[in-house]
Amino acid sequence: MLDIKLIRDNPDAVRQRLADRGRGDEAAVDKIAALDQERRNLITESDKRKALRNAVSKEIGALKSKGQDASGKMAEMKKVGDEIAAADQRVAQVDEQLRAILLGIPNLPHPSVPAGKDAADNPEVRQWGQKPEFAFNPKPHWEMGEALDILDFPRATKISGSGFILYKGAGARLERGLISFLLDLHTREHGFTEISPPFLINRDAMIGTGQLPKFEEDMYRLRDDELYLAPTAEVPVSNIHRNEILRHDQLPIYYCAYTPCFRREAGAAGKDTRGMIRVHQFDKVEMVKFAHPETSYDELEKMTANAERVLQLLGLHYRVVLLCTGDMGFASAKTYDIEVWAPGQNAYLEVSSCSNCEDFQSRRANIRFKDKDGKNRFVHLLNGSGTALARLYVALLETYQQADGSVLLPEILAPYLGGERAIRHR
RNA sequence: GGAGAGGUGGCUGAGCGGUUGAAAGCGCCGGUCUCGAAAACCGGUUUGGCCGAAAGGUCAACGUGAGUUCAAAUCUCACCCUCUCCGCCA
């Protein structure tokens with residue numbers, strides 16, 4: 001949520017930066033300003049009457065305690081009370097309208113974010129490693145998974161529907177091993193505290209990080225309870241400190257968490273339909289930081305480096321792109337995407353998205369810290385995948401496939417795979 | 001799910017429908033004292049909105065939301081949460 005004061009004081013700047021995103025949100029700025037003005041006028045009026053009522057009510061109390069008649073004043077205040085109720089009702093209406101609009105406005109891009117329309121305009125920041133070369137035609141993971149009997153898409157479909165994965169045998173163990181590998185890396189080497197959060201999330205938490213109210217159709221929702229399946233651990237973990245005031249010496253706080261992620265992928269029908277590149281349920285290890293506003297951009301660079309470290313240790317070629325204004329997520333002010341090379345796809349796959357949301361989420365979720373001067377300020381919230389598992393899995397299979405159809409995984413994973421690096425057809 | 005008890009400031013814990021934004025204690029911050037510290041003593045110590053250049057003024061908040069009343073932490077209703085017992089269950 002944007003700061004209403006920012007819109008009030010700098011409507012033109014806000015309008016411009018929203019326009020840079022290319023979603024037409026700038027049109028709401030004038031409406032917001034008008035509602036804000038109306039709201040303040042109504043509050044001023046209401047407050048005046050409340051002050052009067054408070055004063056006269058005290059007089060009434062004093063009169064009554066002396067046994068004197070106060071019926072005139074009481075009748076008068078009855079009328080004032082009705083006026084207050086009417087005014088407050090209008091305030092509530094305007095408030096609700098204002099809030100509804102504000103909750104639907106995306107964050108403003110950071111000045112360092114390049115203007116652009118879509119993914120084609122995202123500048124590449126750097127590359128690491130090289131595309132692996134094969135003496136044979138590298139296969140896509142879905143063929144490998146079937147041949148090796150480690151992935152069973154038809155049966156996953158039988159159980160749930162399209163867009164689900166069933167891992168089997170060495171395939172299941174690899175998934176489990178990767179989760180442990182990632183959590184160990186971030187907790188032991190990058191200073192993150194491991195969290196295992198609830199996967200069912202209430203509405204307030206979903207609003208806090210920005211999934212709701214705008215993206216309701218992207219989420220799985222329970223029918224009988226006001227609960228949603230977590231689309232990412234960003235939601236439960238960022239909401240850990242909702243409605244809290246942290247001490248400045250607690251910052252920065254680093255959390256990481258493994259969760260499955262559930263996404264309806266509404267609107268993505270027909271895209272990436274084969275294999276496990278776009279699915280309704282995937283595993284992910286997520287990093288979340290609660291940072292001091294002055295250092296949050298340094299934290300973003302560090303977090304991105306932490307995510308890159310995963311791919312470096314696994315020897316996977318990747319590139320980092322900086323999302324342009326038109327391609328950024330709703331809550332983010334600046335985002336780096338990390339894309340790993342998948343030889344079987346002949347394409348880069350997004351395995352991590354590292355974002356600084358600044359105070360956009362913390363304002364929604366009311367997460368503050370007391371600074372050195374004793375002033376309460378909103379923390380900056382960052383989140384980054386470290387990393388998404390399904391696509392990492394794709395890159396691993398496709399990169400490390402051998403001519404004989406087996407897979408020889410990086411040595412570093414061996415301890416997580418019972419000492420067995422190779423996956424062969426049995 | 002059923003029965004009962006309860007939700008007040010960082011914590012413990014008072015609170016009669018009317019000078020209670022809220023006693024008291026603890027904690028914390030500042031000061032006095034001290035070579036220094038402790039103790040003691042003094043002072044301070046919730047958050048948000050609105051008006052204002054500021055000083056300041058004012059409104060709101062005692063789980064949440066409605067209601068009764070001139071006036072609600074205090075009365076009524078609904079919901080949420082916690083605890084105890086029972087039931088069920090991995």
Side-chain angles (χ1 to χ4, degrees), chain A residues 1-10 32-103 196-208 212-213 222-228 236 239-251 253 260 359 361-379:
Chain A
M1 192 156 65
L2 299 183
D3 186 354
I4 185 72
K5 291 187 194 114
L6 184 69
I7 300 174
R8 192 184 292 161
D9 298 337
N10 304 289
I32 291 168
L35 285 170
D36 175 49
Q37 187 59 54
E38 188 183 354
R39 175 178 168 276
R40 287 189 290 154
N41 292 344
L42 288 168
I43 286 174
T44 304
E45 277 308 302
S46 173
D47 280 1
K48 271 190 209 162
R49 288 190 170 80
K50 282 176 186 166
L52 173 67
R53 182 177 67 179
N54 287 345
V56 176
S57 287
K58 259 181 200 172
E59 293 172 24
I60 291 170
L63 286 173
K64 284 198 147 189
S65 68
K66 283 186 261 172
Q68 295 175 357
D69 174 60
S71 54
K73 286 181 190 293
M74 281 168 62
E76 207 181 312
M77 286 310 102
K78 170 81 174 157
K79 212 180 110 209
V80 171
D82 291 343
E83 289 167 4
I84 290 169
D88 281 353
Q89 209 174 352
R90 280 188 297 159
V91 171
Q93 280 170 8
V94 172
D95 248 343
E96 199 182 323
Q97 280 180 56
L98 193 54
R99 183 177 152 77
I101 296 173
L102 279 172
L103 285 178
S196 181
F199 303 159
L200 293 178
I201 313 288
N202 68 30
R203 198 176 164 80
D204 285 343
M206 295 290 270
I207 288 172
L212 294 181
L222 300 201
R223 192 185 61 194
D224 294 330
D225 299 279
E226 189 73 19
L227 290 169
Y228 299 79
N239 275 284
I240 287 174
H241 295 297
R242 181 154 51 94
N243 288 327
E244 289 184 21
I245 300 174
L246 304 165
R247 298 190 317 272
H248 64 80
D249 60 12
Q250 286 179 276
L251 303 179
I253 296 172
D359 60 4
Q361 295 176 319
S362 55
R363 181 172 286 106
R364 288 169 165 251
N366 193 29
I367 306 170
R368 295 172 291 173
F369 72 102
K370 201 170 276 296
D371 73 11
K372 287 198 173 74
D373 303 323
K375 231 185 108 194
N376 291 333
R377 300 171 62 188
F378 291 110
V379 302

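Below, read A as the first sequence line, B as the second, and so on, with proteins coming before strands; counting in each chain starts at 1. Keep in mind the model is a prediction, meaning the values are calculated, not measured.
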What residues form a side-chain hydrogen bond (donor to acceptor under 3.5 Å, both in side chains) with [X], not counting sequence neighbours?
| X | answer |
| --- | --- |
| Q250(A) | none |
| D249(A) | R247(A) |
| K78(A) | none |
| N10(A) | none |

- Item | Counterpart residues, side chain to side chain contact (heavy atoms under 4.5 Å, CB included), relative to N243(A) (two or more places apart) | N366(A)
- Of all residues at least two apart in sequence or in a different chain, which pass the salt bridge (Lys or Arg N to Asp or Glu O under 4.0 Å) check with E45(A)? K48(A), R49(A)
- With sequence neighbours left out, write down each residue that passes salt bridge (Lys or Arg N to Asp or Glu O under 4.0 Å) with R40(A), or none if nothing qualifies. D36(A)
- Kindly state which residues belonging to residues 55-81 of chain A come within less than 4.0 angstrom of RNA chain B, counting heavy atoms of the residue only, listed by number. S57(A), I60(A), G61(A), K64(A), M74(A), M77(A), K78(A)
With heavy atoms under 4.0 Å as the rule, sort [X] into base, sugar-phosphate or nothing.
| X | result |
| --- | --- |
| R247(A) | nothing |
| K5(A) | sugar-phosphate |
| R8(A) | sugar-phosphate |

[atom1] atom, [N] versus [M]: distance in rounded Å?
| N | M | atom1 | result |
| --- | --- | --- | --- |
| rA14(B) | rA23(B) | P | 14 Å |
| rU58(B) | rG21(B) | P | 13 Å |
| rC11(B) | rU46(B) | P | 14 Å |
| rG65(B) | rA61(B) | P | 10 Å |
| rC75(B) | rG10(B) | C1' | 31 Å |
| rG17(B) | rC70(B) | C1' | 12 Å |
| rC29(B) | rA37(B) | P | 14 Å |
| rC88(B) | rG2(B) | C1' | 11 Å |

- Go ahead and write out RNA chain B as dot-bracket, 5' to 3': ( ) for pairs within the strand, [ ] for ones crossing earlier pairs, | when the partner sits on another strand, dots for unpaired; Watson-Crick or G-U wobble, both distances under 3.5 Å. ((((((((.[[[..)..(.....]]]((((((.......))))))((((((....)))))).[[[[[..)....]]]]])))))))....
- Are H241(A) and V379(A) side-chain neighbours, meaning at least one heavy-atom pair lies under 4.5 Å? no
- Between G374(A) and K50(A), which has a closest nucleotide on RNA chain B that is more 5'? G374(A)
- Message: Can you work out whether T44(A) or N376(A) has the more 5'-proximal nearest nucleotide on RNA chain B?
- Response: N376(A)
- Message: I'd like to know if the side chain of R364(A) and the backbone of I207(A) have a donor-acceptor N/O pair within less than 3.5 Å.
- Response: yes
- Item | Whether S362(A) side chain and D359(A) backbone form a donor-acceptor pair below 3.5 Å | yes
- Give every residue pair that meets the salt bridge (charged side-chain N to carboxylate O under 4.0 Å, His left out) criterion with at least one member in residues 84-103 of chain A, sequence neighbours excluded. R39(A)-D95(A), K50(A)-D88(A)
- Taking 5' to 3' order, which nucleotide of RNA chain B is first and which is last to have an atom within less than 4.0 Å of a heavy atom in chain A? rG18(B) to rA71(B)
- Note on the structure: So the side chain to side chain donor-acceptor pair (under 3.5 Å) pairs with at least one residue in residues 54-67 of chain A (sequence neighbours excluded) are E59(A)-K73(A)
